[in-house]
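Below: the structure, in structure tokens.
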Amino acid sequence: RTVSEGCTCGVLALALLSTAAPLHGQNDAADLDRLLAGTQVVVVPFRNIAGGPDTNWIGEGIAEVLATDLAATATVVAIDRAALADALTAADALALCRRAGARWIIQGGYQLLGAQVRVTARLLDCETGAAVRRARVDGRRDELFALQDRILPALGSSAGAPAGAS
């Protein structure tokens, strides 16, 4: 399948955001919502920084939650996971976004150390590759669902922070 077919499988998602209420109904996300309004956003599975293939599901789960959360104020179209097969580098992911007509990509990674989890996320401009927003959320592994729910608001609250800050 091609990117344009919009298959319902996989985690990679395009979201066409409206100018509706802020994501999650939180003020921190309102700024992010305005930035993304009317544009397409690609959310890719988050990278397992620590390795350990038995936890790769976490990165797919994070992307799925973000795509679902964006769907609260967006029309989400999933893209066949096979389209990701060649998108192994950041440059490849940006090229995939451009081919799909997306303006933004949300990507990131996660690390596990004992019971601790750190998730980092970046909002990249698909045209330039520049990180316009960065966020980091930390917590316990048994709080993974709550951590996932904090990613979009954290990206929104980083509006005043330099791109290199978290």
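- Considering only heavy atoms from C-beta on, I151 comes within 4.5 Å of V137 through its side chain.
- Looking only at side-chain heavy atoms (C-beta outward), Y110 and T120 stay at 4.5 Å or farther from each other.
- Rounded to the nearest 0.5 angstrom, R150 CZ and D138 CG are separated by 7.5 Å.
- Side chains of V43 and I62 form no contact here, defined as non-hydrogen atoms less than 4.5 Å apart.
- The side chain to side chain contact (heavy atoms under 4.5 Å, CB included) test applied to Q111 returns I49, R118, not counting sequence neighbours.
- Annotation: the span from Q148 atom CD to L66 atom CG amounts to 7.5 Å, rounded to 0.5 Å.
- When atom types are taken as modelled, the side chain of R98 and the backbone of C126 share a donor-acceptor pair closer than 3.5 angstrom.
- For R103, the side chain to side chain contact (heavy atoms under 4.5 Å, CB included) partners at least two apart in sequence or on another chain are T39, D125.
- For the pair V117 and R140, the tightest heavy-atom approach, listed with the atom from each and the gap, is CG2-C, 4.2 Å.
- With hydrogens and angles ignored, the 3.5 Å screen pairs a side-chain donor or acceptor of N48 with a backbone N or O of G52.
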Practice task
Could you walk me through whether I105 and V44 pass the side-chain contact (heavy atoms from CB on, under 4.5 Å) test, one step at a time?
Solution key: CA-CA 8 Å; I105 183 171; V44 297; 3.9 Å; yes
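- For the residue pair W104 and V132, the shortest heavy atom distance occurs at CZ3-CG2, 3.5 Å.
- Taken together through direct or relayed side-chain contacts under 4.5 Å among Ile, Leu, Val, Met, Phe, Trp and Tyr, V65 and L155 form parts of separate hydrophobic clusters.
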Problem - Step-by-step side-chain contact (heavy atoms from CB on, under 4.5 Å) determination, F46 to I58 - result: CA-CA 8 Å; F46 279 41; I58 293 173; over 6 Å; no
Problem - Intermediate values then yes/no, side-chain contact (heavy atoms from CB on, under 4.5 Å), I106 and L124 - result: CA-CA 6 Å; I106 296 176; L124 302 178; over 6 Å; no
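- Contact check for L112 versus R141: side-chain heavy atoms found under the 4.5 Å cut-off.
- Atom CD of Q116 has more than 12 neighbouring heavy atoms from other residues, nucleotides or ligands inside a 6.0 Å radius.
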